[in-house]
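Predicted, not measured: the structure shown is a model, and the values here were computed from it. Proteins come first, then strands; the chains are lettered A, B, ... in the order of their sequence lines, and each starts at number 1.
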Amino acid sequence: MAANSNSRVASNHTSKKQKVRRNIHPFTNNTRIKRASKIVKFNDSGEGDHVSDQRSNKENVLTYKSLKSRASDLLKMRETLPVYQHKREIMSYIESNPVTVLIGETGSGKSTQIPQFVLEKLYDTKKHGSIAVTQPRRVAAINLATRVAQEHGCKLGEQVGYSVRFDNTTTTRTRLKYLTDGMLLRELMMNSDLREYSVIVIDEAHERTVLTDLILGFLKSLIQGPRPDLRIIVMSATLQAEKFSEFFNNAPILFVEGRKFDVKQYYLKAPTDDIVDAVIRCCIQINQGEELGDILCFLPGQEEIDKAVTIMEKIAKYVSDEAPVPLIVPYPLYAALPPVQQSLVFAPIKGFKRKVVFSTNIAETSVTISGVKFVVDSGLRKVKVWRHQLGLATLLTVPISQASAMQRSGRAGRESEGKSFRLYCESDYVKLPKQSEPEIARSDVTSPVLMLKRYGVDDLLNWTWFENPGKEAIVMGLQELYELGALDTRGKITKRGQQMALLPLQPHLSSVLIKASEVGCLSQVIDIVSCLSVENLLLNPSPEERDEVNERRLSLCNAGKRYGDLIMLKELFDIYFYELGKSQDASSERNDWCKGLCISIRGFKNVIRVRDQLRVYCKRLFSSISEEDEESKKIGEDGELISKILKCFLTGFIKNTAIGMPDRSYRTVSTGEPISIHPSSMLFMNKSCPGIMYTEYVFTTKGYARNVSRIELSWLQEVVTNAAAVAKQKVSDSK
DNA sequence: GAGCACTGC
């Protein structure tokens, strides 16, 4: 029966044919990496596996016996993986060292196998405790756990499970748990020494997300303090592992070769100044000179991508008419694209055609497109850099790192040998930084600082930071938290701060929610905050339908037209949730409605999930949310209620305000800088606001306020006076 | 007149 169950892995005869050279040894600087010559059709890390494993209903009726027999089939496959060959060596390092750093290239099997080796060891030695394996992304955690449960011969949630936001399959029997970084941090916030785990595996550590970096810091303080027994394995895909090793007292570094195909590099002879033009030319050249196979182009942002797609659409037919070459079919790919359009890039193309995908960084780690044989790399990406003094995010186009360039090129060698065309000179490649600047060095650290405070860290400047974000950033974070009432004058966390740290929101929004619970508009504010915490809820209409969609949005949201985007979100939520939710055929009605307004359907479903979660938390934290009379929680056009709601937001975003000038421009209250209302805002055309408040201040071509609301100038004084009174109160409380 | 990418008990 298990043999019939259509497994995705390579069949036996493929595995017999493999000749994989592999190598493992303690790492030295002059290690030579040999490339493997064959690939197994098996997704090692689950990274970027965009479609999660579609398990059939049949699986539910699989018996214990068939689960086991399937697992033993899979075992033959596992045994061919590079890490499996070195199981004993790897385990001896792990057993004899508190921390082990393991470098495993794509296809080495590290993410699925190492945790299972450790699990076997726990069984063998009858040791207690379980294993946590962290991942930066939810899909990866889910896919890995699903796969490993199959290999282990159990159902998800038995010995192997996963825990991600909104979805937890673990039970008390679970010994191996895949979870997102964020979930492990939440566990740290609740149960500070992670007593239930005996081994923690940090996967994809090279990605250096803020959350991974924080976890590394917490783990170091744990093994130096209350948990000297804890075993830690740091897994990374790049060779720059010395930093991990040094951080953990020169932990040993192991290197396991992966399985991927060779990718030939090509560079420009002279640099280009028009990157879109260069990408198009390169694609045309590939199309004329190379065998069939799809092209993946990396461009920095949506603007360049849309431009490239438009040009390519125009010239594709012309080019293929002129010579007998495949017809180029261009596709855009970026996160703000409606999911339906995103999914088009995954469909294989038929006939004498060549798929050309123009993508942002999303295709570098998060999404894998099969059939790609050629990569065209602009060498650029967009990055958000936080300016602490200004409380402003800037969006910059910058050169990528060498690691990133290699990752991009590698996308051409996942299924067969490929070619990578770098649209810059080889001499410039050598000058690129080895690694990208870690996220934490360019981020707002208010939220990390709150976590550390909640954890009980007093001296933040000298904490075991894996990457210290710097004194200035930390001090700004402390200042911000003090102003939000999360810290007292001595820098100790307040009761309010404790509550804020437990909410799954950025501190500013948490503080808005707490304020709302105090003044009695919690339910409405939760709805708005839920909308704000979902990225890409309102999609960008294409230029042709832009005016029409804007008109429709404006005509639906009477209060939003006057008061701005936060109130508009609530109006849209009310229609979606209360009005469309009632009918017989709610879901198709909702879908049509979303389409007409260019709203993400998936986005609104996420809003509902966030809302449910926040309501549960709030009930627990302030026991002040009531189920009765949901209808009355609609916003309507009640000016008094709207003012009350906006004032709640003002307590969290008092720094994000600007005052209207006689010439109808705006200047920020804090620094006097000029600021413009973002064109996506409801208030973009409205020229009569005395003041504005915004949840985000981003500098692109100029300073833009996003998620903008109208405020009265008198509110500023009112809110500041209240905050001062609260602060005073807090000081006297703590005396 | 405009939108890098992820993520949370």
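Look at R387(A) and E673(A) and you find no salt bridge, because none of the NZ, NE, NH1 or NH2 atoms lies under 4.0 Å from a carboxylate O.
Comparing atom distances between the L395(A) side chain and each of dT7(B), dG3(B), dA5(B) picks out dG3(B) as nearest. The side chain of R138(A) lies closest to dG8(B) when the candidates are dG8(B), dG1(B), dG3(B). Here the nucleotide nearest the side chain of Y334(A), chosen from dA2(B), dA5(B), dC4(B), is dA5(B).
Listed pair T700(A) / dG3(B) meets the phosphate criterion, a side-chain N or O lying under 4.0 Å from OP1 or OP2. Between R706(A) and dA2(B) there is no side-chain N or O to OP1 or OP2 distance below 4.0 Å. Checking the phosphate oxygens (OP1, OP2) of dA2(B), no side-chain nitrogen or oxygen of S680(A) falls inside 4.0 Å. When the side-chain nitrogen and oxygen atoms of T180(A) are compared with OP1 and OP2 of dT7(B), none of them lie within a distance under 4.0 Å.
Positionally, the nearest nucleotide of DNA chain B for D547(A) lies more toward the 5' end than for the other of D547(A) and A501(A).
T365(A) and Q407(A) are not linked by any side-chain donor-acceptor pair at a separation below 3.5 angstrom, with hydrogens and angles left out of the test.
When each of V345(A), L344(A), T360(A), L299(A) is tested with L333(A) by the rule side chain to side chain contact (heavy atoms under 4.5 Å, CB included), just one qualifies, namely V345(A).
As judged by a 4.0 angstrom heavy-atom cut-off over every strand, D167(A) is placed among residues making no nucleic acid contact. In this structure, L211(A) reaches neither bases nor backbone, as no heavy-atom distance under 4.0 Å exists between it and the strands shown. In this structure, E439(A) reaches the bases: a heavy-atom distance under 4.0 Å links it to at least one base atom across the strands shown. Residue L539(A) is out of contact with every strand shown, counting any heavy-atom pair closer than 4.0 Å.
Listed here is the closest heavy atom pair of C689(A) and Y666(A): CB-OH, 3.3 Å.
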